[in-house]
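I have placed the structure first, in the form of structure tokens, so that the comments after it can refer back to it.
One-based numbering, in listed order, for ligands and for the atoms of each.
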Amino acid sequence: MYLGKMHIGTLSLANNIFLAPMAGITDLIFRTLAREFGASLCFTEMISANGLVRKTERSYHYLDSSDHDRPLGVQIFGSDPDILSEAARIVAERGADLVDINMGCPVKKVLKAGSGAFLMKEPEEVSRILKKVRSAISIPLTIKIRSGWQKVGINAEDIAERAQDCGVDAVILHPRTVEQGFSGAADWGLIRRVRDRLQIPLIGSGDIRTPEDAFRMIDESGCNGVMVGRGSLGRPWIFKKILDSSPGSSHFPSLAEREVIIGRHLDMMLGVYGEAIGMKKFRKHLLWYTKGLKGGTQFRQSAVSIVDKRAMLDAVHTYLRSLAQ
Ligand SMILES: Cc1cc2nc3c(=O)[nH]c(=O)nc-3n(C[C@H](O)[C@H](O)[C@H](O)COP(=O)(O)O)c2cc1C
């Protein structure tokens, strides 16, 4: 098992534990929190290359970042080599440290447009895209792929090798087929098989919920780094728990520490979105923070109607205190 520094192309990373791109979740606030707990590289959610080239406000909004939000991976999706390379150039010019191309999104609308995981079906097109994008930017370039379209026809190895041949600096693999969506288990054995075919770094993604999972993925697959997605929802401290194996770290966070983290998260949300929208947007995080805790359902039922920050913090305080008893 290897936890430690890592390089992706020219990018030097403090460790090999990353925050996965998640649409609707990995905005500046969530990335900031993940970084505070040690994630060394965080990704934006997937951003439409078309939207960036056409300069739509929404797409640019996803690029919102800060000096502390570094190094930043910006993920783009699209199907046209020219548009993708133009979008990559825009993103690099705006300060991204790494560009990732999404080749794993299984959402129908994205597939219909010939982008996301649809590209797994089009190896030749993948090479065309990557050659073009590679020549457009000098910062590190990665791709995030799935196993393949369906069980018969797994082609992650082929796509990963093509990427390497086109000068891509690392491959990120979420080893489920498009057909699988998010069901079943991620096939960590495939990470091992792809690892064996590559010289460039391979990052594994899928089903890391605990530090032990992270260690096991690295051990079993030999991957160079791991990404945590859903395992960080309501538990942004998972990065610290993976990185910090000192005695006593398994008790982190205590209920009091959890309260501080929730308060900080809420503060950041209100700072960016204002109280009305911020409180609304915070609800899904509150759900994740309290998922699986005793009396969580009841607490959430009463907390959803709270629209005032002070009242929310008081409710969280009272609830978490009740757990301590
Ligand atoms: C709500 C949600 C949104 C996601 N959005 C993206 C995305 O924008 N780009 C991407 O490459 N993967 C996306 N993913 C996939 C994750 O990055 C990750 O590969 C997958 O969830 C498996 O890892 P996990 O088990 O750690 O969540 C998303 C996953 C979820 C659950």
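Considering Q298, R258, R300, H285 as possible partners of T290, the one that fulfils the side-chain hydrogen bond (donor to acceptor under 3.5 Å, both in side chains) test is R300.
Cation-pi geometry between K112 and F118 is not met: the NZ or CZ atom fails to fall both under 6.0 Å from the ring centre and inside 45° of the normal. A cation-pi contact, defined as under 6.0 Å to the ring centre and within 45° of the axis, links K281 to Y273.
Transitive grouping of hydrophobic side chains (ILVMFWY, heavy atoms separated by less than 4.5 Å) keeps L173 and F43 in distinct clusters. Under a hydrophobic-cluster definition in which Ile, Leu, Val, Met, Phe, Trp and Tyr are linked whenever side-chain heavy atoms come within less than 4.5 Å, directly or via other members, I218 and I242 are assigned to the same cluster.
Judged purely by distance below 3.5 Å, without hydrogens or angles, the side chains of D69 and S66 never pair a donor atom with an acceptor atom.
Under a 4.0 angstrom heavy-atom cut-off, G206 registers as being in contact with ligand 1.
Contact annotation for H174 and ligand 1: only side-chain heavy atoms (C-beta onward) come within less than 4.0 Å of the ligand.
Distance check: I25 CD1 to F30 CZ gives 7.0 Å after rounding to the nearest 0.5 Å. In this structure, CG on L119 lies 8.5 Å from CG on N102, to the nearest 0.5 angstrom. Annotation: the span from I306 atom CD1 to R283 atom CZ amounts to 10.0 Å, rounded to 0.5 Å. Here CH2 of W237 is found 15.0 Å from CG of D244. Values are rounded to the nearest 0.5 Å.
Nearest protein heavy-atom contact of atom 1 (C) of ligand 1 is I25 CD1, 3.8 Å. Scanning all protein heavy atoms for the shortest distance to atom 9 (N) of ligand 1 gives Q75 OE1, 2.7 Å. Distance from atom 6 (C) of ligand 1 to its nearest protein heavy atom, with residue and atom name: P21 O, 3.1 Å. Distance from atom 26 (O) of ligand 1 to its nearest protein heavy atom, with residue and atom name: G229 N, 2.9 Å. At the shortest separation from atom 5 (N) of ligand 1 among protein heavy atoms lies A23 N, 2.8 Å.
Close contacts of ligand 1 with S205, meaning ligand atoms under 4.0 Å from a residue heavy atom, involve 18 (C), 19 (O), 22 (C), 23 (O). Residue contact check: A20 has heavy atoms under 4.0 Å from atoms 17 (O) of ligand 1. Near D207, meaning under 4.0 Å from any of its heavy atoms, are these atoms of ligand 1: 24 (P), 25 (O), 26 (O). Under a 4.0 Å criterion applied to the non-hydrogen atoms of R209, ligand 1 contributes the atoms 24 (P), 25 (O), 26 (O). Per-residue contacts place N102 under 4.0 angstrom from the following atoms of ligand 1 (heavy atoms of the residue considered): 9 (N), 10 (C), 11 (O). The distance from ligand 1 to the heavy atoms of F182 drops below 4.0 Å at these ligand atoms: 20 (C), 21 (O), 29 (C).
Geometrically, ligand 1 and I208 share no nitrogen or oxygen pair separated by less than 3.5 Å. Note: no N/O pair closer than 3.5 Å links R176 and ligand 1 by distance alone.
Looking at M22, K144, E45, M227 and measuring to atom 15 (C) of ligand 1, the nearest heavy atom belongs to K144.
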